[in-house]
Amino acid sequence: MEKGGCLPNNWCYNIIIQGFLKHEDLPKASELINEMVDKGFSADDATTELVVHLSRNNDLILRLLKVRNERSAN
């Protein structure tokens with residue numbers, strides 16, 4: 001998207017992340033969550049709900065989010 005001159009906004013990030021989460025592609029979702037946060041955007045309610053739902057069933061996403069929080073704190 002960016003290469004074509006179209007910068008993603010909060011809505012774009014959330015829709016794409018939701019797609020990765022729904023297909024349980026956690027590495028791609030995590031990568032985009034990190035990019036989104038680094039650019040000053042935040043997860044909307046639907047994205048947050050998917051993350052919480054998957055985290056109940058998958059420790060990987062919890063570990064990825066914990067690492068991200070620790071990096072942000074430093």
Side-chain angles (χ1 to χ4, degrees):
M1 256 171 81
E2 290 182 41
K3 290 178 184 176
C6 182
L7 299 176
N9 60 17
N10 197 58
W11 185 83
C12 291
Y13 275 112
N14 279 286
I15 293 297
I16 295 167
I17 290 167
Q18 288 172 33
F20 285 134
L21 290 171
K22 287 177 182 177
H23 289 93
E24 297 186 17
D25 189 341
L26 301 181
K28 286 280 194 185
S30 177
E31 179 182 330
L32 274 182
I33 289 170
N34 287 332
E35 181 180 314
M36 176 178 70
V37 171
D38 288 343
K39 292 187 177 186
F41 298 114
S42 59
D44 65 13
D45 291 342
T47 302
T48 302
E49 185 177 328
L50 282 170
V51 169
V52 169
H53 174 74
L54 286 174
S55 69
R56 289 182 183 149
N57 300 317
N58 190 322
D59 286 341
L60 174 61
I61 198 154
L62 286 176
R63 285 183 275 140
L64 292 172
L65 292 172
K66 182 178 178 184
V67 168
R68 172 68 184 155
N69 286 339
E70 289 171 354
R71 271 195 278 153
S72 295
N74 296 330

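Note on residues 17-39: no pairs pass ring-ring contact (aromatic ring centres under 6.0 Å, His included), not counting sequence neighbours.
Atom CD1 of Ile15 sits about 12.5 Å away from atom CG of Leu32, to the nearest 0.5 Å. One finds the CD1 atom of Ile33 at 11.0 Å from the CD atom of Glu31 (value rounded to the nearest 0.5 Å).
Side-chain contact check for Pro27 versus Asp25: some heavy-atom pair is nearer than 4.5 Å.
Residue Leu21 comes nearest to Ala29 through the heavy atom pair CD2-CB, 3.6 Å, listed as atom of the first residue, atom of the second, then distance.
Asp44 is linked by a side-chain hydrogen bond (donor to acceptor under 3.5 Å, both in side chains) to Gln18, Thr47, counting only residues two or more places apart in sequence or in another chain. With sequence neighbours excluded, the residues that form a ring-ring contact (aromatic ring centres under 6.0 Å, His included) with Tyr13 are Phe41.
The backbone N or O of Gly40 lies less than 3.5 Å from no partner atom in the side chain of Asn10, so there is not a single donor-acceptor pair.
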As a quick check of understanding, evaluate side-chain contact (heavy atoms from CB on, under 4.5 Å) for Ile16 and Lys28, giving each step before the final call. CA-CA 10 Å; Ile16 295 167; Lys28 286 280 194 185; over 6 Å; no
